[in-house]
Amino acid sequence: MKKAQRHPFAETLITWYADHARDLPWRRTNDPYVIWMSEIILQQTRIAQGLPYFYKLTEAFPSVYDLAAADETTLFRLWQGLGYYSRARNLHKTAKYVVDMLGGKFPDSYTELIKLPGVGPYTAAAIASFAFGEASPVVDGNVYRILARYFGIETDILHSSARKEFTALAQELIPSSDPARFNQAIMEFGSLQCSPAPDCGSCPLRTSCVAHRENRINQLPVKSKSKPQRIRQFQYFIIEQDGKVLVHQRQAKDIWQGLWEFFCVESSSIEEAINSHPFLSPLMAHAVALQAPAIHVLSHQKIISAAWLLQLPAEFSFKIPQDYQWILSSEFEQLGKPVLLLNLITDNIALKEILEG
DNA sequence: AATCCGGGGGT
DNA sequence: ACCCCAGGATT
């Protein structure tokens with residue numbers, strides 16, 4: 001009876017999912033806190049990359065109360081290496097809000113969930129369905145790909161109208177009987193079966209898939225090309241004195257906001273960096289060049305960096321630049337740092353010994 | 001509507 | 001080299 005009302009698309013996906021679902025930790029719970037944590041971690045992040053962070057974070061903060069009470073420095077250190085660090089800030093902000101304003105109880109509907117910092121249309125739909133059984137369709141990269149191919153939709157998935165169109169379609173397809181299972185199934189299907197380079201030969205939907213029938217698998221989904229990456233050059237000065245290192249926390253609306261780093265000048269040359277920061281000039285007598293790091297690639301920037309180690313005698317006196325501070329190397333280890341700096345430290349024994357004892 | 005925000009893995 | 005990843009916030 002009710003099966004006849006389901007679109008065969010949903011029926012096939014759910015059947016496929018019964019045979020192919022991976023055993024993932026966030027699928028073993030209905031706790032909205034744990035599900036929320038997993039969804040924030042997995043935003044634009046592969047499962048294999050996010051999994052260790054999910055274990056670390058849920059162990060460090062078993063409940064929303066633990067997270068709300070946490071020191072943000074600790075959270076950033078745990079988030080180190082995962083990228084998109086505003087997620088960590090919004091995670092903390094939301095935890096405090098849920099504890100302080102909602103008595104520790106998560107909102108239980110899409111409409112309320114999407115009001116939380118760091119929770120957008122995808123994440124709100126995911127939590128609402130997985131934790132509360134609401135029939136809100138998730139629309140992530142997998143869903144765009146599957147629907148575009150299966151129904152032959154040529155809308156540019158980066159166009160602002162795309163989300164509305166694909167969400168409306170997914171809303172028609174999602175069964176009211178077990179919406180959470182459908183959401184899990186469609187994403188798993190996109191990840192394992194209808195991947196960017198799919199195996200159509202084994203696909204249970206191939207006979208009714210427009211893209212397969214018309215041989216347009218490689219043309220769908222339509223996605224406009226992104227701009228070329230911006231190229232930047234950072235000159236790092238690791239200034240050490242009396243067992244302490246000069247550091248600062250990045251604050252500007254720029255990459256790595258909230259992370260810590262050594263004295264940094266954005267400049268195409270060492271000479272220009274020194275000229276623009278005259279206090280450096282007398283310090284350079286003590287400078288030793290460190291191994292030139294490879295180009296650090298972000299999704300939208302390429303960063304070329306160079307670094308100098310400046311170990312200053314105890315009696316050497318100079319005025320430290322604004323917003324910088326001295327920190328013991330043992331404390332520096334406890335701060336969140338960009339992967340570029342982690343690589344720099346790893347690649348230079350001298351630096352490693354200073355910072356790690 | 002455009003742009004920005006990381007890092008890593010697959011092809 | 002290019003693409004994509006359980007996207008969201010800001011301008």
Side-chain angles (χ1 to χ4, degrees), chain A residues 21-22 24-27 35-54 76 79-91 93-94 113-130 136-146 156-164 166-167 170 180 182-192 194-199 218 221-230 232 250 252-259 294-303 336-343:
Chain A
R22 289 170 289 185
L24 299 171
W26 44 85
R27 288 179 176 161
I35 290 169
W36 164 70
M37 176 75 82
S38 73
E39 293 300 342
I40 301 299
I41 288 171
L42 293 171
Q43 286 169 3
Q44 289 293 288
T45 304
R46 293 175 184 280
I47 288 172
Q49 186 186 3
L51 204 47
Y53 288 86
F54 173 81
F76 267 77
W79 202 271
Q80 174 178 284
L82 194 54
Y84 287 157
Y85 297 92
S86 67
R87 289 184 292 175
R89 186 175 312 287
N90 286 330
L91 199 74
K93 200 186 290 185
T94 290
L113 285 162
I114 201 171
K115 296 177 182 173
L116 301 174
V119 176
Y122 163 77
T123 305
I127 301 171
S129 65
F130 300 152
S136 48
V138 292
V139 180
D140 72 336
N142 293 307
V143 176
Y144 279 124
R145 186 170 55 251
I146 296 167
D156 182 345
I157 63 173
L158 291 186
H159 193 274
S160 58
S161 66
R163 172 166 293 281
K164 193 173 176 183
F166 282 83
T167 302
F182 173 83
N183 278 341
Q184 293 283 10
I186 194 169
M187 289 193 289
E188 193 79 330
F189 189 80
S191 177
L192 300 179
C194 194
S195 59
D199 175 17
N218 292 326
V222 174
K223 187 176 184 183
S224 52
K225 305 231 178 209
S226 58
K227 297 182 12 174
Q229 292 161 309
R230 178 158 68 122
R232 306 173 70 177
R250 292 183 68 100
K253 290 177 185 173
D254 196 352
I255 56 171
W256 303 328
Q257 187 181 354
L259 300 189
I295 295 176
H296 190 74
V297 180
L298 308 180
S299 56
H300 54 299
Q301 296 185 17
K302 285 184 182 172
I303 300 175
K337 298 164 285 291
V339 167
L340 169 52
L341 285 198
L342 300 179
N343 291 339

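In what follows, chains carry the letters A, B, and so on, assigned in the order in which the sequence lines appear, proteins first and then strands, with residues in each chain numbered from 1. What you see below is based on every heavy atom in this structure, not just the backbone, and it leaves out hydrogens, waters and symmetry mates.
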Discussion item. Please classify the nucleic acid contact of A:Q301 as base, sugar-phosphate, or nothing, using heavy-atom distances under 4.0 Å.
Written reply: sugar-phosphate
Worksheet entry | Trace of the side chain to side chain donor-acceptor pair (under 3.5 Å) decision for A:E39 with A:Y122 | CA-CA 9 Å; A:E39 293 300 342; A:Y122 163 77; 2.7 Å; yes
Item to complete: Please report, rounded to the nearest Å, how far the P atom of B:dG7 is from the CD atom of A:Q43.
Response: 16 Å
Fill in: A:N142-A:R145 side chain donor-acceptor pair, cut-off 3.5 Å
yes
Item to complete: Remember a base hit wins even if backbone is also touched, and classify A:N183 as base, sugar-phosphate or nothing at under 4.0 Å, heavy atoms.
Response: nothing
Response to the item:
Considering only heavy side-chain atoms of A:D254, the closest of B:dC5, B:dG9, B:dG6 is B:dC5
Discussion item. Using a heavy-atom cut-off of 4.0 Å across all strands, would you classify A:S86 as base, sugar-phosphate, or nothing?
Written reply: nothing
Fill in: Separation of B:dG7 C1' from A:Q229 CD (nearest whole Å)
12 Å
Worksheet item: Nearest-Å distance, CZ (A:R46) to P (B:dG6)?
Response: 18 Å
Worksheet item: Taking atom C1' of B:dC4 as reference, at what distance in whole Å does atom CD of A:Q257 sit?
Response: 12 Å
Practice prompt. Decide yes or no for A:K302 and A:R232: does some side-chain heavy atom of the first lie under 4.5 Å from some side-chain heavy atom of the second?
Written response: no
Worksheet item: What distance, rounded to whole Å, do you find between the two C1' atoms, one in B:dG6 and one in C:dC4?
Response: 14 Å
Fill in: Proximity to the side chain of A:H300 - top-ranked nucleotide from B:dG7, B:dG8, B:dC5
B:dC5
Item to complete: Could you say whether A:K337 or A:H159 is positioned toward the 5' end of DNA chain B, judged by the nucleotide with the nearest heavy atom to each?
Response: A:H159
Discussion item. Can you check the distance between B:dG8 and C:dA9, where both ends of the measurement are the P atom (answer in whole Å)?
Written reply: 24 Å
Worksheet item: Base, sugar-phosphate alone, or nothing: which one does A:V138 contact when heavy atoms must sit under 4.0 Å apart?
Response: nothing
Worksheet item: So do the side chains of A:Q80 and A:L342 get within less than 4.5 Å of each other, counting heavy atoms only?
Response: yes
Fill in: Side-chain donor/acceptor of A:Q49 to base of B:dG7, under 3.5 Å
yes
Discussion item. For a quick check of understanding: with a heavy-atom distance under 4.0 Å over all strands, which category does A:I41 fall into, base, sugar-phosphate or nothing?
Written reply: nothing
Worksheet item: What does A:V119 touch in the nucleic acid at a heavy-atom separation under 4.0 angstrom: a base, only the sugar-phosphate, or nothing?
Response: sugar-phosphate
Worksheet item: So, A:Q257 versus A:R250: side-chain donor-acceptor pair below 3.5 Å or not?
Response: no
Worksheet, complete the sentence: Rounded to whole Å, CG of A:L42 lies from C1' of B:dG8 at a distance of 14 Å
Item to complete: Rounded to the nearest angstrom, tell me the gap between atom CD1 in A:I47 and atom P in B:dG10.
Response: 13 Å
Worksheet, complete the sentence: Whichever of A:T123 and A:P221 has the more 5' nearest nucleotide on DNA chain C, that residue is A:P221
Discussion item. Categorize A:R27 for me: base, sugar-phosphate, or nothing, with a 4.0 angstrom heavy-atom threshold over every strand shown.
Written reply: base
Worksheet item: Going by atom types alone, do A:Q184 and A:R27 pair a side-chain donor with an acceptor below 3.5 Å?
Response: yes
Item to complete: Output yes when A:D156 and A:K225 qualify as a salt bridge under the 4.0 Å nitrogen-oxygen rule, no when they do not.
Response: no
Fill in: Between A:F54 and A:W26, ring centroids under 6.0 Å
yes
Worksheet, complete the sentence: Residue pair A:S226/A:P121 against DNA chain C: nearer the 5' end by closest nucleotide is A:S226
Practice prompt. Considering only heavy atoms of chain A and a distance under 4.0 Å, specify the first and last nucleotide of DNA chain C in 5' to 3' order that meet this criterion.
Written response: C:dC3 to C:dT11
Worksheet, complete the sentence: Atom CZ of A:R89 and atom P of B:dC5 are separated, to the nearest Å, by 14 Å
Item to complete: Might you point out which heavy atoms bring A:N183 and A:A125 nearest each other, and give the distance in Å?
Response: ND2-O, 4.3 Å
Discussion item. Pairing check on B:dG10: which nucleotide meets the Watson-Crick or G-U wobble criteria with it, both distances under 3.5 Å?
Written reply: C:dC2
Practice prompt. Would you indicate what A:G81 reaches in the nucleic acid, counting non-hydrogen atoms under 4.0 angstrom: base, sugar-phosphate, or nothing?
Written response: sugar-phosphate
Discussion item. Is there a side-chain contact between A:W256 and the phosphate of B:dG7, meaning an N or O under 4.0 Å from OP1 or OP2?
Written reply: yes
Worksheet item: Which whole number of Å gives the distance between the P atom of C:dG8 and that of B:dG9?
Response: 23 Å
Worksheet item: Can you tell me how far C1' in C:dC5 sits from the matching atom in B:dC5, rounded to whole Å?
Response: 15 Å
Worksheet entry | Distance below 4.0 Å between A:H296 side-chain N/O and B:dG7 OP1 or OP2 | yes
